[in-house]
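Working notes for the structure below.
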Amino acid sequence: MKMLLKFVRSLFKKSRDVKSIKPITSNLSTINLLLIRDTFTDESTIGELFLNGERFCDTLELPYRDNQRSVSCIPTGSYKVRMRYPRESATRDYLHLLVQEVKDRSYILFHKGNTAKDTRGCILVGQGSQQDIVQNSALAMDLLMKEIINLGGTNINLIIKNK
């Protein structure tokens with residue numbers, strides 16, 4: 001618990017100077033994430049992530065290749081998501097999100113990264129995008145986790161759609 005409080009405090013310090021992100025408040029007990037994929041190339045899939053109806057950040061995933069492990073983004077659909085703590089991961093030393101019950105897949109995460117080389121089927125978040133790149137991923141991840149914690153951190157739903 002002390003580690004989580006320390007992490008949350010560090011997020012607040014990092015985001016203190018950020019002027020463009022407004023707090024997202026909600027009376028809902030459910031946290032709703034909507035990922036709309038809108039740009040498709042041979043290298044990546046770029047999209048927008050909405051948190052409780054408000055545009056929050058950009059996303060980057062691998063192209064869809066029949067849901068093949070490590071080379072494809074996951075199928076469109078509805079998923080449950082939970083927070084995943086650093087102690088649960090051998091490779092991520094920060095709080096991140098785990099997409100649950102993805103057919104024929106495991107360990108699909110929301111995590112930091114900027115290009116398709118940084119993912120093996122996971123969802124990368126960023127503040128800004130261009131072809132095959134999301135930018136400011138560490139900041140976007142920190143802000144996303146801060147908002148999810150502020151909203152209670154549980155009962156997270158994800159819907160993924162193609163534009």
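- Side chain of Arg92 to backbone of His96: no donor-acceptor contact under 3.5 angstrom is found.
- Ion pairing between Arg37 and Glu61 holds under the 4.0 Å rule for side-chain N and carboxylate O.
- In plain terms, the two heavy atoms of Leu62 and Arg120 that are nearest each other are CD1-C, 3.9 Å.
- Residues Asn136 and Gln127 come closest through the heavy atom pair ND2-O, 3.3 Å.
- Not a single donor-acceptor pair under 3.5 Å links the side chain of Glu147 to the backbone N or O of Leu144.
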(request) Show your reasoning for whether side chain to side chain donor-acceptor pair (under 3.5 Å) applies to Asn155 and Thr30. (result) CA-CA 5 Å; Asn155 202 16; Thr30 301; 2.9 Å; yes
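- Inspection of the Asn67 and Lys103 side chains reveals no N or O donor paired with an N or O acceptor under 3.5 Å.
- One hydrophobic cluster, built from ILVMFWY side chains closer than 4.5 Å, cannot hold both Leu60 and Leu35; they sit in different ones.
- The number of heavy-atom neighbours closer than 6.0 Å to NZ of Lys161, taken from other residues, nucleotides and ligands shown, is 12 or below.
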(request) Determine, step by step, whether Leu97 and Arg84 satisfy the side-chain contact (heavy atoms from CB on, under 4.5 Å) criterion, reporting the C-alpha distance in whole Å, the side-chain angles of both residues, the deciding distance to 0.1 Å, and the verdict. (result) CA-CA 5 Å; Leu97 298 174; Arg84 186 167 184 249; over 6 Å; no
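- For the residue pair Ser137 and Asn114, the shortest heavy atom distance occurs at CB-ND2, 3.6 Å.
- Remark: the backbone N or O of Thr115 is paired with a side-chain donor or acceptor of Asp118 at under 3.5 angstrom.
- Using a distance-only test at 3.5 Å, with no hydrogens or angles considered, no donor-acceptor pair links the side chain of Ser44 to the main chain of Ala116.
- Counted within 6.0 Å of CZ on Arg69, heavy atoms from surrounding residues, nucleotides or ligands total more than 12; the atom is thus considered enclosed.
- Each of Ile74, Ile156, Leu33, Ile159 was compared with Tyr79 under the side chain to side chain contact (heavy atoms under 4.5 Å, CB included) criterion, and only Ile74 meets it.
- Closest of all the heavy-atom pairs between Leu98 and Leu109 is CD1-CD2, 3.6 Å.
- Looking at Asn32, its side chain never comes within 3.5 Å of a backbone N or O of Asn52 through a donor-acceptor pair.
- For Glu88, the CD atom sits in a packed shell: over 12 heavy atoms of surrounding residues, nucleotides or ligands are nearer than 6.0 Å.
- Using a distance-only test at 3.5 Å, with no hydrogens or angles considered, a donor-acceptor pair links the side chain of Arg65 to the main chain of Val71.
- Formation of a donor-acceptor pair under 3.5 Å by the Tyr94 side chain with backbone atoms of Lys112 is found in this model.
- For the residue pair Ser70 and Arg105, the shortest heavy atom distance occurs at N-NH2, 4.0 Å.
- Taking all atoms of both residues into account, the shortest heavy-atom contact from Ser129 to Ile46 is OG-CG2, 3.8 Å.
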